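To start, the structure under review is shown below, and the notes come after it.
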Amino acid sequence: MPELPEVEVSCRGIAPHLEGKTITQVEVRNPSLRWPVPEEVQLLEGQTVLAVKRRAKYLLLETKAGTAILHLGMSGRLRVIDASEVAEKHDHVQIHLDSGKMLRLTDPRRFGAFLWGADAPLSHPLLQKLGPEPLTEDFDGERLYQLSRGRRSAVKTFIMDNHIVVGVGNIYANEALFASGISPKTAAGKISKARYQRLTEEIKRVLAKAIQQGGTTLKDFTQSDGKPGYFVQELQVYGKGGEPCPVCESPLKEIKLGQRSTVYCAQCQR
DNA sequence: AAAGACACCTGTCCGC
DNA sequence: TGCGGACAGGTGTCTT
């Protein structure tokens with residue numbers, strides 16, 4: 001489900017329901033997520049949520065006692081719902097609030113995480129080595145150009161590397177490369193600075209547009225109010241292997257790069 | 001250091 | 001209708 005836009009949409013959706021509210025109960029129905037949910041998350045009980053933030057694809061629920069660090073993995077979803085709603089099989093964690101609502105984490109595949117950061121959450125081992133946020137000035141064409149010198153891996157794999165830039169997942173990597181006219185197979189180290197500047201612009205444009213559209217709903221992603229994301233209507237290539245290129249109408253190719261499905265136009269992307 | 005494979009887990013879809 | 005296999009939005013970890 002979630003790439004950066006979907007996480008950002010979730011963050012914006014849940015924040016108004018959480019900030020300033022006090023947590024009355026932390027209900028861990030199944031602690032077997034990607035890592036076991038630590039006991040410390042019980043420290044949330046009685047705490048007031050000071051802020052809800054996002055770093056890369058992690059969501060941070062900040063309180064005076066510490067910060068809950070959430071990741072949605074491949075199939076995670078967050079909803080703010082009435083506390084009386086009956087939990088089902090994949091509803092693993094529920095954070096009850098003094099407003100009578102609760103935050104529910106649903107995650108069928110359990111690749112998601114619910115962790116704890118006692119002090120500065122950004123110093124958590126999982127967050128420490130992350131690259132810059134794509135929608136800030138810290139991410140620019142110069143950075144991609146410099147870090148890519150000497151790299152032989154495919155440019156698509158390169159921009160999906162969290163050490164280089166965070167938040168570019170499989171959907172938006174495919175889309176940004178198509179928009180930039182760059183073949184996903186090209187060695188990262190062989191791309192010019194000018195083309196990296198273009199790629200940077202397209203990554204920012206695609207991500208910002210997707211956030212504006214409420215994310216991309218492929219199967220089960222919904223915004224925190226249950227509505228789907230509408231960026232799916234904007235997809236140019238992702239999931240469209242074999243279909244005509246929206247620009248030149250030659251059939252889109254679908255290959256594997258780094259075990260991820262990769263769609264591109266051999267005519268438009270060089 | 002960098003590149004690539006693999007692991008985690010469940011649900012869904014497709015072909016036979 | 002049932003069954004096996006491939007595949008899915010991520011990413012830490014291990015092996016070359």
Side-chain angles (χ1 to χ4, degrees), chain A residues 1-11 29-37 54-59 69-78 88-92 105-115 124-131 134 146-177 184-190 203 206-207 210-211 213-223 228-235 237-242 254-263:
Chain A
M1 173 273 273
E3 293 195 32
L4 185 139
E6 293 74 41
V7 178
E8 178 66 22
V9 166
S10 296
C11 182
R29 303 183 67 250
N30 181 357
S32 304
L33 301 185
R34 183 165 189 191
W35 296 278
V37 177
R54 178 188 62 73
R55 170 72 174 114
K57 295 173 193 165
Y58 294 91
L59 281 170
I69 302 170
L70 284 69
H71 197 290
L72 300 177
M74 288 280 259
S75 58
R77 271 178 286 167
L78 286 172
E88 295 184 6
K89 191 176 175 185
H90 301 302
D91 300 333
H92 306 312
L105 172 65
T106 306
D107 186 2
R109 292 177 74 179
R110 291 188 278 118
F111 289 173
F114 197 111
L115 300 170
H124 190 283
L126 290 177
L127 303 189
Q128 215 168 20
K129 292 182 176 178
L130 296 173
Q146 293 299 343
L147 291 179
S148 64
R149 293 309 90 185
R151 296 263 198 146
R152 281 165 299 173
S153 62
V155 61
K156 175 165 179 264
T157 311
F158 178 67
I159 61 171
M160 290 178 71
D161 181 343
N162 280 338
H163 304 290
I164 307 302
V165 58
V166 302
V168 183
N170 201 32
I171 298 177
Y172 302 108
N174 278 301
E175 294 296 314
L177 285 163
K185 294 188 293 186
T186 307
K190 291 175 65 179
I203 288 171
V206 167
L207 292 176
I211 291 169
Q213 299 273 69
T216 298
T217 294
L218 292 178
K219 308 176 74 168
D220 49 12
F221 173 73
T222 58
Q223 303 183 51
Y230 298 103
F231 191 78
V232 64
Q233 299 167 20
E234 310 279 333
L235 295 176
V237 295
Y238 181 83
K240 296 181 188 290
E254 182 152 6
I255 62 169
K256 291 276 183 201
L257 275 181
Q259 293 124 246
R260 309 303 298 277
S261 83
T262 301
V263 187

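These figures come from a predicted structure and were not determined experimentally. Convention: sequence-line order gives letters A, B, ...; per-chain numbering from 1.
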Roughly how far apart, to the nearest Å, are dC6(B) and dA6(C) at atom P?
13 Å
Can a side chain N or O of [X] be found less than 4.0 Å away from OP1 or OP2 on [N]?
X	N	value
S261(A)	dA8(C)	yes
K57(A)	dG9(C)	no
H71(A)	dT11(C)	yes

Contiguous pairing runs of three or more, Watson-Crick or G-U under 3.5 Å, that involve DNA chain B
B:2-8 with C:10-16, B:10-16 with C:2-8
Base, sugar-phosphate, or nothing for [X], non-hydrogen atoms under 4.0 angstrom?
X	answer
R34(A)	base
S32(A)	nothing
R260(A)	base

Between [N] atom [atom2] and [X] atom [atom1], what is the distance in whole Å?
X	N	atom1	atom2	result
Q128(A)	dT11(C)	CD	C1'	17 Å
R109(A)	dG10(C)	CZ	P	10 Å
F111(A)	dG11(B)	CZ	P	12 Å
R110(A)	dA7(B)	CZ	P	17 Å

Could you say whether L147(A) or Q259(A) is positioned toward the 5' end of DNA chain B, judged by the nucleotide with the nearest heavy atom to each?
L147(A)
Among [options], the nucleotide that comes nearest once only the side chain of [X] is considered:
X	options	result
P108(A)	dG4(B), dG9(C), dG11(B)	dG11(B)
R152(A)	dG9(C), dC7(C), dA3(B)	dA3(B)
H90(A)	dG11(B), dG10(C), dG4(B)	dG11(B)

